[in-house]
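All values reported here derive from a predicted model rather than from experimental measurement. Positions are given from 1 along the sequence.
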Amino acid sequence: MGIAMGDGGTDSAMESADIALMRNGLAIVAQAIERSRGTLRNIRQNITLAVLTVTGLLAGVLSGSIHMAGGMLIHEASVMLVILNGMRLRRPTE
């Protein structure tokens, strides 16, 4: 994994790096890694929620217990949950 640090880095280093940090300091690397782990955790949660919702709706439609309007409402509510869950990543950093 390549890391470019500081705003004085060369353009080629910034382009080829996997992570480009605008400030110098190794503590920033730890924060970036922690943030990326949180992002992956959030992605997994959102995918799980979406797959479970669609699976449940498909089972309900095939069994005849969920009608189109109700299914659309449930699906749109799950989309809103995924969006709100993703917005948790925007909390301010220290």
Side-chain angles (χ1 to χ4, degrees):
M1 176 190 322
I3 300 174
M5 292 177 51
D7 56 357
T10 63
D11 290 337
S12 61
M14 298 291 259
E15 287 291 325
S16 64
D18 295 317
I19 299 173
L21 302 173
M22 296 309 294
R23 292 185 284 168
N24 290 326
L26 292 177
I28 304 298
V29 174
Q31 289 176 353
I33 291 171
E34 188 58 37
R35 179 166 285 203
S36 69
R37 286 181 181 153
T39 301
L40 287 175
R41 194 169 35 248
N42 190 277
I43 290 169
R44 287 185 193 108
Q45 290 169 357
N46 287 342
I47 289 172
T48 301
L49 178 64
V51 168
L52 288 175
T53 301
V54 170
T55 303
L57 287 173
L58 181 61
V61 166
L62 293 176
S63 69
S65 60
I66 295 180
H67 299 287
M68 180 65 88
M72 289 178 64
L73 179 66
I74 292 169
H75 183 265
E76 294 305 318
S78 74
V79 169
M80 289 303 297
L81 284 175
V82 165
I83 291 170
L84 292 173
N85 191 30
M87 288 176 64
R88 289 185 311 130
L89 295 172
R90 296 210 24 102
R91 65 179 174 248
T93 59
E94 298 174 12

Would you mind writing out the side-chain donor-acceptor pairs for residues 47-58 within the sub-3.5 Å range, not counting sequence neighbours?
| unit_1 | atom_1 | unit_2 | atom_2 | d |
| --- | --- | --- | --- | --- |
| T48 | OG1 | R44 | O | 2.8 |
| T53 | OG1 | L49 | O | 2.8 |
| T55 | OG1 | V51 | O | 2.7 |

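- A distance of 9.5 Å separates CD1 of I83 from OG of S78, quoted to the nearest 0.5 Å.
- Residue S65 comes nearest to S63 through the heavy atom pair OG-OG, 3.1 Å, listed as atom of the first residue, atom of the second, then distance.
- Rounding to the nearest 0.5 Å places CE of M80 at 12.5 Å from CG of N85.
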Table please: side-chain donor-acceptor pairs of residues 66-73 below 3.5 Å, with sequence neighbours left out.
none

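- Under the 4.5 Å side-chain heavy-atom criterion for grouping Ile, Leu, Val, Met, Phe, Trp and Tyr, M87 is connected to V79 within one hydrophobic cluster.
- Looking only at distances, no side-chain donor or acceptor of N42 sits under 3.5 Å from a matching main-chain atom of L89.
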